[in-house]
Structure formats: structure tokens, C-alpha cells
Chemist: 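Have a look at the structure that comes next, please.
A quick note: this is a predicted structure, and the numbers were derived from the prediction, not measured.
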Amino acid sequence: MRATLRRMERSYAAELTPGEDVVVKGWVHEVRDLGGIAFVILRDTSGKVQIKLDDSVDEELVERGTSLSRESVVAVEGTVEEEERAPTGIEILPTGLDVLNEAEPELPLDPSGKVDAELPTRLDNRTLDLRKDEVKAIFEIRGEVQDALRKKFRELNATEINTPKIVATATEGGTDLFPISYFEREAFMNQSPQLFKQMMVGSGLERVFEIGPIFRAEEHNTPRHLNEATSIDFESAFVDDDEAMEFCQDVTVSAYERVYEDCQEQLDAIGVDLEVPETPFEYLTYDEAIELANSEGIEHQLEWGDDLTTKAETALGDAIGEHYFVTDWPADAKPFYVMKDDETARAYDMMHPRMELMSGGQREHRVDRLRKEIEAQGLEPEEFEYYLRGFRYGMPPHAGWGLGLERLLATMLDIENVREVVLFPRDRQRLAP
RNA sequence: GCCCGGAUGGUGUAGGGGCCCAUCAUACAACCCUGUCACGGUUGUGACGCGGGUUCAAAUCCCGCUCCGGGCGCCA
């Protein structure tokens, strides 16, 4: 059989035709021994297929088949037969069975889903966890979403870039950074590609995007924060805030459309009835947003200048019930690179009813005003010289935004905790695996 | 950073001073069973996070530690 296995092509469980001789490879999902007849359920990436073991099969093979431990990896050679009593309408009558890798009995979690496992247990055993259809589906969708985003960005003539993740200084004040040792100097893991993508706007590229990791050392402990997250960044020359928001809306909707069209099977596995958001999204100014939030009777009434609290976000989300933008924020609430008109900043956030997804703005492209803003926020312009340099020799007006991939997925798939949509999440207590 | 809550067999749980050498499900082991599809049946295996304290008696109450979950702040 070994020699045969090497030569024969592998067939997938979901793509078998009655009458053919095949070799299937996968995991032992379950063994059901009824006495005179037994069934091995084999699972591969495509689905499951039943292997029949009865007195028409070689006795030694039946013995090997019924003593398999769950989740062992096997190769089974046999004939596909039509059988209406089988779960998928077909089953395999085996002529050979090789155990390629035996799994230890007593699994740390149950991939067949009979008994739930808590998230920490699942994350410690992510490979086993990902054998469950509903978990696997999340990551298939995640891959599909990234593909859809890239396609949409290219339609918008944006060039995909990769900016450094090891940097000498903070992007802005506020968020704590992870310090690392860089030869004899101190360096940091970058919290955002913000400054680099802006520099690229002034290069020959004009319009750029990046889907990459960002690192934040904040010790938050919530279902919507990660210390390593994936940011979808966009920045474009000769674009204003209104146009940039429209792009964000379009990019978001394109991700929904792709999942809706191509991932129905995965959505079923997760149990989500996906609806593509209606466009255009609603626009609220910051003034309107705090007024609406206050009128919804939130506990701590907001005053002008306050950031939207979690309770306010929830109240707004409930009132609006769909994606929306909040524009014209108080100038003091936004970082130095956002363009300000007196008291307000030309900044915008895109919200899902459950949480903030995106933050962006019209950028300040005039180097003298940029210097003043850096100083006004208590930062040293000298530390940003590498950045300001790009503004001294021809920087076009520009706008852009950063959208959180994990939040986009968690809200799209109605998943409570963003950790669920990351293979190996990094949070306050988790550094491995 | 502040504030809550939790930790019981491999996994998920019940139990909140004595009724507990700890419940149920699943798993694992053995046996029975010829159509299962969360197969069924019988028997068995296996646990109170760590350290200290209170008490005649602690899984249960108290203190400290470790780990985990959540809310808030802030953010993507």
C-alpha cells in the first residue's frame, strides 16, 4: 500500500464520485463502532467522508480502523460507493489504511464540538481549534477580505507599500510603545505607518495603501483591543476629507460584498446572516453626535471637547443602527498631522454601531504650520526632522485613514472578541503561542 | 492605569461550612451491539490554581500570590 500511496493522487472528501478508486487523506474525526459494522469519519479541508468497516473488509484492516485514536492522520485507499444511508450519500469501502501520524488520546479540546472550550484553551491549542468549521471559516473569510481590500485599492490606483515596523520615535504622543534594543540604541515597534505613508504621498507614488501590523503597548483589557493589530492604511495626494471618507466607505463595502458573494458556506458555518451595509453611510458632525448621544440619556452627559465615551458610542450605535461617520472633531482631540480650522479638526472617524473602526483626516501639508502643531502638542520638531524633510520640497494636499482589520472582521461576523479573528493574538497576558 | 468577577477530572460544568473519599456531560479504557450520522448500552478511570489562616469540620469563609475573564479610561 505504501508504494501505491506515493503514486496515487489524493482525492478530497467533498469531491468523490461513486465508482472511482481513490486515496483520501485527512484526520480521524470520529470512529463509530456498532459491533458488526463500524464507521470511520475522515475529515479533510474540503469536508468529511465516511469509511465503512464491515465483514466485506479485510479483518486486520477493520481492527486497525476501529482502534484509531481521534484526530490521527490517515490515508485511506478504497472504492467510492453510492449509499443513501451515509451522511453525504457516498461512502468508501477501504482496501488499505495507513496511519501517517497517531494523535495522543485525551485531546485538549474537542474539534467535533461536542464540548465547548474557553478561549484561552482554544488559543493554547489553536491548530486543533482551527479544525472546527466555524473557526476555520473565520480565517478563510479573513483571507478573502484582505484579497478584496487589495483589489479595491488597486481599482482606486493605490500602490501597496510596506513601511518599517522598527522605528526610532513615536508616531505621535499618547500611545505607549514597545521599546526594543536595536544594536547599541533604543528603538520601538511602530504604532502606526502614519508618518511614512504621508511621506509617500509626497513621493512619486501619490496614492498608497498598506495592510500591516501595528503595535501598541497600552495595558488595556477589552474585547476590542490588541497589542498587535492589523491596520488597513490609506493615504492619497490631491484628495480631501470628503473624498477620503467615500473611499473608506467603498473599501469597507467591497469587503462585505466579497464575503457575501464568495463565502456563504463559511458564513453558514459561523451562523451569520450577513447584510451588505447600505450606502451612503450617515454623516454626523461631532456636535451632532454629542447632542444625539446626550439626548439618548447617557449617564455622563458629554461636553464639547470630550471624546466619545464607550457608553456614548453604544448609544449612538443603537440610535443609528448602521455604519456612520463622525466629522469635525475638536482640534485638541486630534494629533498634530491633522489639518485644523480654528477650534475643529478636519478629522473623521468611521463607526460601526458596536465600535470605532476607522480614524482619518485631511492632513496638514504646510510645513510651517506642521512644525507649530508639533510644538503645540509638546513634541520636539527635531525628532520629526526625517518626516518634516518630506514636506519641504513639495508636499501636495492629502488625506487618508487607518481602518482596523480585526474590528472590521469582528463587527462583520458579529464576533464579540477581536481575539477570535486573530490566529495568535497578542494581548496584555498572552505572548505565546 | 482604575474597578468588578472567576479558577473543580483531558475538556465544559454542578456544588457557596458537615448531606462531598464531590454532580452531570463529554473524553479515555474494557466489554456488548450490522447502518451509525452528537450512535446506543454496561462497567471502570480521572479534579477542588498555589501558600497561609479561621473552625471540631473548608471545594465552600478570611488573607496573600499566580493565572484568567469582563467593565471603564483610551484607541484601530
Chemist: Using Watson-Crick or G-U wobble geometry with both distances below 3.5 Å, tell me the partner of B:U55, or none.
Modeler: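 Base-paired to nothing in any strand shown.
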Chemist: Consider the side chain of A:His225, meaning its heavy atoms from C-beta on, and name the nucleotide among B:C28, B:A76, B:G69 that approaches it most closely.
Modeler: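 Ranking B:C28, B:A76, B:G69 by closest atom to the A:His225 side chain puts B:A76 first.
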Chemist: With the sugar-phosphate defined as primed atoms, P, OP1 and OP2, and the base as all remaining atoms, what B/S/- string results for nucleotides 7-12 of chain B, 5' to 3', for protein heavy atoms under 4.0 Å?
Modeler: ---BBS
Chemist: Looking only at the side chains, is there a donor atom on one of A:Asp21 and A:Thr79 sitting less than 3.5 Å from an acceptor on the other?
Modeler: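 Judged by distance alone, the side chains do pair up.
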Chemist: Between B:U26, B:A76, B:G69, spot the one nearest the side chain of A:Asn221, thanks.
Modeler: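 Side chain of A:Asn221 sits closest to B:G69.
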Chemist: Below 4.0 angstrom from OP1 or OP2 of B:U66, is there any side-chain N or O of A:Gln429?
Modeler: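 False: A:Gln429 side-chain N/O out of range (4.0 Å or more) of B:U66 OP1/OP2.
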Chemist: Could you please name the partner base of B:C67, counting Watson-Crick and G-U wobble pairs only when both distances are under 3.5 Å?
Modeler: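 Matched B:C67 with B:G6 under the 3.5 Å cut-off.
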Chemist: Looking at A:Arg428, I'd like to know whether one of its side-chain N or O atoms comes within less than 4.0 Å of OP1 or OP2 on B:C67.
Modeler: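 It does not, given that no N or O in the side chain of A:Arg428 lies less than 4.0 Å from OP1 or OP2 of B:C67.
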Chemist: When you check the side-chain N and O atoms of A:Trp304 and A:Asp287, is any donor under 3.5 Å from an acceptor?
Modeler: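 Result is yes, a qualifying pair exists.
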Chemist: Output a table of nitrogen or oxygen pairs between the protein and nucleotides 32-36 of chain B separated by less than 3.5 Å.
Modeler:
| unit_1 | atom_1 | unit_2 | atom_2 | d |
| --- | --- | --- | --- | --- |
| B:C33 | N1 | A:Leu34 | O | 3.3 |
| B:C33 | O2 | A:Leu34 | O | 3.1 |
| B:C33 | N3 | A:Asp33 | O | 3.3 |
| B:C33 | N3 | A:Leu34 | O | 3.3 |
| B:C33 | N3 | A:Gly35 | N | 3.4 |
| B:C33 | N4 | A:Asp33 | O | 3.4 |
| B:U34 | OP2 | A:Gly36 | N | 2.9 |
| B:U34 | O4 | A:Asp55 | OD2 | 2.5 |
| B:G35 | O6 | A:Lys52 | NZ | 3.1 |
| B:G35 | N1 | A:Glu91 | OE1 | 3.4 |
| B:G35 | N1 | A:Glu91 | OE2 | 3.1 |
| B:G35 | N2 | A:Gln50 | NE2 | 3.3 |
| B:G35 | N2 | A:Glu91 | OE1 | 2.8 |
| B:U36 | O2' | A:Arg32 | NE | 3.3 |
| B:U36 | O2 | A:Arg32 | NE | 3.2 |
| B:U36 | N3 | A:Gln50 | OE1 | 2.7 |
| B:U36 | N3 | A:Gln50 | NE2 | 3.4 |
| B:U36 | O4 | A:Gln50 | OE1 | 3.3 |
| B:U36 | O4 | A:Gln50 | NE2 | 2.9 |
| B:U36 | O4 | A:Arg85 | O | 2.6 |

Chemist: Assess whether one donor atom and one acceptor atom, taken from the side chain of A:Glu356 and the base of B:C74, lie less than 3.5 Å apart.
Modeler: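 By the distance-only test, no, there is no pair.
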Chemist: Can you tell which of B:A27, B:C75, B:G71 lies closest to the side chain of A:Asp307?
Modeler: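 Shortest atom-to-atom distance from the side chain points to B:C75.
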Chemist: Searching all strands shown, indicate the nucleotide that pairs with B:C28 (Watson-Crick or G-U wobble; both distances under 3.5 Å).
Modeler: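 In the structure as shown, B:C28 has B:G44 as its Watson-Crick or wobble partner.
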Chemist: Aromatic contact between A:Phe39 and A:His29, with the criterion being ring centroids under 6.0 Å apart: yes or no?
Modeler: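 Ring centroids of A:Phe39 and A:His29 are no less than 6.0 Å from each other.
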Chemist: On a whole-Å scale, what distance lies between the P atoms belonging to B:A14 and B:G9?
Modeler: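 That atom pair is separated by 12 Å.
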Chemist: Looking for any heavy atom pair under 4.0 Å, which part of the strands does A:Arg122 touch: base, sugar-phosphate only, or nothing?
Modeler: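 Nothing, no nucleic acid heavy atom in range.
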Chemist: So, A:Gln266 and A:Glu140: side-chain donor and acceptor under 3.5 Å apart, yes or no?
Modeler: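 Side-chain D/A pair, A:Gln266 to A:Glu140: present.
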Chemist: Looking at B:C28, does its base get a donor-acceptor pair with the side chain of A:Arg70 below 3.5 Å?
Modeler: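 Result: no qualifying N/O pair found.
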